[in-house]
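One structure is given here, and the rest of the page talks about it.
Values below: all heavy atoms of this structure, side chains included; hydrogens, waters and symmetry mates excluded. Numbering starts at 1 and runs along the sequence shown.
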Amino acid sequence: MHQQADGGHPEITTNQGVPIADNQNSLKAHDRGPSLLEDFIFREKMTHFDHERIPERVVHARASAAHGHFELTESLAEFTTAKLFTEVGERTPVFCRLSTVAGSKGSRDTPRDVRGFATKFYTKEGNYDLVGNNMPVFFIQDAMKFPDFVHSIKPEPDRAYPQAAAAHDTFWDFISLTPESMHMIMWAMSDRALPRSLRMMEGFGVHSFRLVNAEGQSTFVKFHWRPRLGMQSLLWDEAVKIAGADSDFNRRDLFETIQSGKALPTWDLAVQLFTEEEADGFPFDHLDATKLVPEELVPLRVIGHMVLDRWPDNFFAETEQVAFCPANVIPGIDFSDDPLLQGRIFSYLDTQLIRLGGPNFQQIPINAPQCPFANHQRDGFMQMQVPKGRVNYEPSSLDADQPTPRETARGFRSFAAPTRPGPKTRLRPESFADHYSQARQFYRSQTPIEQAHIAGGLVFELSMVETVRIRAAVVGHLRHIDEDLAQRVATGLGLPDLPPAPESARPVLDLPPSPALGLIANMKDTLEGRAIGILIDDGSDAAAIEALRQAATAADATVKLVAPKVGGATLSDGKHTAADAHLGGAPSVIFDAVAVVLAAEAAQRLCAEGAAVDFVSHAFAHLKAIAVDEGGRALLRRAGIEADAAVVDATDVESFIQYAKTRQWEREPKVRMLP
């Protein structure tokens, strides 16, 4: 819980030269208490980190965002006074920003990475920011370690690569020395880190927050966003190829969906509610951000939904300049003593001060409340308001119109949490010491295919690490999670022996599997919001193409015709049909299923075209349904594909649509070696 290096290292100090005894834990009122403002070591470290990048965000730089609304369907008036969660039927404007974490603003959309999920609610009581990720846990327990974590995953400072990737020495060196990260590593190496669409990923508030009701009573809450379309992921090989074919794949998908007005991105908002007494009975500490509360322990309660329906008018003015902060809460919502959350409350505001030019960034339209607001804050860079009168302080008696605080139920009140006895300390509580049990639970809750994907992710990442002892150290940690997983990764890396497991601070528990943690089992067999590509050329059967198009459209899929020439093709009925995409720019990786409808002469010609052969071979390798006519079968033979049940005749439209609703997971062991 408090790592110390040997005496051979130089002593770490503040920028003022003050020796630091603990660089891993922020100062707290007691071991499970709130962080203290007097912690000058944390503030110096975080302030410097927040100001490292100008003007780009240090993390979450690559993003897409949209306007929309949130509608409450179930009141939580029993638990909170926040009108956002008490007025059923009320529609609250929102702005939602979805991002990758590690890459710069110009990086690709599809790296293996956590995705940010930040929502700004423009409520009647002020702005409320729910700033989370698409994973419910995080890499570290204390905000003091956040600069170190991000430094490790960013491009290495001596060579400035890799971009938007964790597969390098500095990141895995940090992980090998930070066992608390192992639960998050299981999530990051899983398919959750490769969303097929931003519309098809979950969102989480990560931390425990408090809801406070009119009587001043507190209930802990965790927030979950659940996509109406269900979850869907990419395969790793697919994500790599998409990065080359369309680096804006997720952004384009979100933009085109919103512009079409069909299958608008929609998420249900669910909450987990539990009391302090219930939390005390959990076999983990809910204030530890590397832990989640299993749904089997505290079921989800759906209370509303969010719809995104309008793309920003200007990307820079809105998506780039929007400023989120976990400290932006409204009356009825309060903080817990989670030490990672406590640091974020400070850090986000500090970041905006430098990134957006000063203390008036909240006057930028995308950040401004949509309810009345007034105070005595004046001047500063980029002041846009023109206050009138002589009073800029409170209390005052010179101007009856000046804003003053009011002792009413409307005002924000912090929950009167009782303080626990204990000395000020930089130590974390012993309840934070179990680093492996939930990591084991997550891994063992996955299907065999998903477990193989996790092992494959680890093998790929660690194979890019040059330092062998770091690879071995990580595999040692994996032994606490699952011996078979550790052996599979060790074999994949060619390690001669299974490395020893490091000492565990706590015995590792065999927690029951949680079905909610799996992705494949929770996918929806649907074509809604998905895309089908049909490869055509001169002479293609017009009737077959139209039948496929109508069936796919009826199943709520988007259909795109792909042709060797962007101008399209003249079909069998003698009519010229425009193509939606050129074959060289629309590989099968950007579709969820494909059809190939080709006349014999065109098929013979395309058998000599690598892009056409790849169109079918990659679709097959990525476990997609394929519909083919005789010309299409010639292309399959050229690609060396031995058809299975999900490769159907183009005339069997019903079967094609059924297979297209899901991936063919049973095919995967036949097309690639799984660890």
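- Side chains of Gln487 and Thr491: a donor on one and an acceptor on the other come within 3.5 Å.
- Using the six-membered ring where Trp is involved, Phe171 and His168 have ring planes that are tilted, between 30° and 60° apart.
- Remark: Ser181 OG to Met186 CE distance equals 11.0 Å, nearest 0.5 Å.
- Side-chain atoms of Gln24 do not come within 3.5 Å of backbone N or O of Met144 as any donor-acceptor pair.
- The shortest side-chain heavy-atom distance between Ile175 and Phe139 falls under the 4.5 Å cut-off.
- Arg57 is not listed as a side-chain neighbour of Lys105, based on a closest heavy-atom distance of 4.5 Å or more.
- Side-chain contact between Trp225 and Thr119 is present, with at least one heavy-atom pair separated by less than 4.5 Å.
- Atoms CZ and CZ, from Phe335 and Phe209 in turn, are 7.5 Å apart once rounded to the nearest 0.5 Å.
- Atom OG1 of residue Thr425 and atom CG of residue Asp31 lie 7.0 Å apart, to the nearest 0.5 angstrom.
- Of the listed residues (Arg115, His224, Arg226), just one forms a side chain to side chain donor-acceptor pair (under 3.5 Å) with Glu202, and that residue is Arg226.
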Inset, instruction - Just do the side-chain contact (heavy atoms from CB on, under 4.5 Å) check on Arg428 and Glu180 with the steps written out, would you? - result: CA-CA 12 Å; Arg428 268 168 275 172; Glu180 69 202 59; 3.0 Å; yes

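- Nearest approach of Tyr443 to Ile454, heavy atoms of both residues: CD1-CD1, 3.9 Å.
- For Arg199, the side chain to side chain donor-acceptor pair (under 3.5 Å) partners are Ser197, Asp253, Thr257, not counting sequence neighbours.
- Here CH2 of Trp267 is found 5.0 Å from CG of Leu308. Values are rounded to the nearest 0.5 Å.
- Between the OG atom in Ser152 and the CG atom in Asp169 there is a gap of 11.5 Å [rounded to 0.5 Å].
- Trp172 CH2 to Ile470 CD1: the interatomic distance, rounded to the nearest 0.5 Å, is 11.0 Å.
- Using a 4.0 Å cut-off between charged side-chain N and carboxylate O, Asp337 and Lys28 make no salt bridge.
- Residues Ala621 and Val671 come closest through the heavy atom pair O-CG2, 3.7 Å.
- Ion pairing between Glu295 and Lys222 fails under the 4.0 Å rule for side-chain N and carboxylate O.
- The existence of a salt bridge linking Asp109 and Arg62 is confirmed by a sub-4.0 Å separation between a basic side-chain nitrogen and an acidic carboxylate oxygen.
- Both tests pass for Lys120 against the ring of Phe324: distance under 6.0 Å to the centre and angle within 45° of the axis.
- Enclosure of atom CZ in Arg469 is not indicated, since only 12 or fewer non-hydrogen atoms of other residues, nucleotides or ligands lie within 6.0 angstrom.
- Side-chain atoms of Asp142 never come within 3.5 Å of backbone atoms of Asn25 as a donor-acceptor pair (strictly under, hydrogens ignored).
- When all heavy atoms are compared, the tightest approach of Arg108 to Gln163 is NH1-O, 3.7 Å.
- Contact annotation: the side chain of Phe284 approaches that of Pro294 to within less than 4.5 Å [non-hydrogen atoms, C-beta and beyond].
- You'll find the side chain of Phe79 stays beyond 4.5 Å of the side chain of Val221, heavy atoms only.
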Inset, instruction - Verify side-chain contact (heavy atoms from CB on, under 4.5 Å) between Met523 and Gln232, making sure each step is shown before the conclusion. - result: CA-CA 6 Å; Met523 289 180 179; Gln232 181 76 32; 4.0 Å; yes

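- You'll find the side chain of Arg663 reaches within 4.5 Å of the side chain of Leu235, heavy atoms only.
- Under a 4.0 Å N-O distance rule, the pair Arg196/Glu238 does not qualify as a salt bridge.
- Side chain of Ser445 to main chain of Ser514: a donor-acceptor pair is present (N/O by atom type, distance under 3.5 Å, no hydrogens or angles).
- Nearest heavy atom pair, residue Arg426 against residue Asp22, reads O-OD2, 3.3 Å.
- In this pair, Phe121 and Tyr128 present their aromatic rings parallel. The plane angle is below 30°, not in the 30 to 60° band.
- Residues Gln272 and His286 have side chains that never bring a donor and an acceptor to within less than 3.5 angstrom of each other.
- Side-chain atoms of Asp285 do not come within 3.5 Å of backbone N or O of Asp434 as any donor-acceptor pair.
- Here the closest heavy-atom approach between residue Cys96 and residue Leu98 is recorded as SG-CD2, 3.7 Å.
- With Asp129 contributing its side chain and Val131 its backbone, the two residues share no donor-acceptor pair below 3.5 Å.
- Between Asp482 and Arg440, no side-chain nitrogen of the basic residue sits less than 4.0 Å from a carboxylate oxygen of the acidic one, so the salt-bridge criterion is not met.
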Inset, instruction - Carefully, step by step, assess Val271 and Phe223 under the rule side-chain contact (heavy atoms from CB on, under 4.5 Å). - result: CA-CA 5 Å; Val271 294; Phe223 295 102; 3.8 Å; yes

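- Although no hydrogens or angles enter the test, the distance criterion places no donor-acceptor pair under 3.5 Å between the side chain of Arg530 and the main chain of Lys661.
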Legend entry - Evaluation steps, ring pair (Phe, Tyr, Trp, His ring centres under 6.0 Å), between His151 and Phe174: CA-CA 10 Å; His151 282 168; Phe174 178 86; over 10 Å; no

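- You'll find the side chain of Asn133 reaches within 4.5 Å of the side chain of His60, heavy atoms only.
- Remark: the backbone N or O of Arg192 is paired with a side-chain donor or acceptor of Asn134 at under 3.5 angstrom.
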Inset, instruction - Output, in order, the C-alpha distance, side-chain angles, deciding distance and verdict of side-chain contact (heavy atoms from CB on, under 4.5 Å) for Ile333 and Phe85. - result: CA-CA 10 Å; Ile333 304 174; Phe85 297 137; 3.8 Å; yes

Inset, instruction - Test salt bridge (Lys or Arg N to Asp or Glu O under 4.0 Å) on Arg228 and Asp268 and set out the steps. - result: CA-CA 7 Å; Arg228 287 273 179 94; Asp268 288 320; 2.9 Å; yes

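- Checked by atom type and distance alone, the side chain of Gln441 never pairs as donor or acceptor with a backbone atom of Leu511 at under 3.5 Å.
- Of the N and O atoms on the side chains of His480 and Ser504, not one donor lies less than 3.5 Å from an acceptor on the other residue.
- Under a 3.5 Å cut-off, the side chain of His477 and the backbone N or O of Ser176 do form a donor-acceptor pair.
- Of the charged side-chain nitrogens involved, none lies within less than 4.0 Å of a carboxylate oxygen, so that Asp350 and Arg43 do not count as a salt-bridged pair.
- The backbone N or O of Gly343 sits nowhere less than 3.5 Å from a side-chain atom of Ser347 that would complete a donor-acceptor pair.
- Residues Lys45 and Asp148 are paired through a salt bridge, judged by an N-O separation under 4.0 Å between the basic side chain and the carboxylate.
- The heavy-atom pair separating Thr290 from Gln438 by the smallest distance is O-OE1, 4.3 Å.
- Taking the side chain as every heavy atom from C-beta outward, His435 and Gln141 approach each other to under 4.5 Å.
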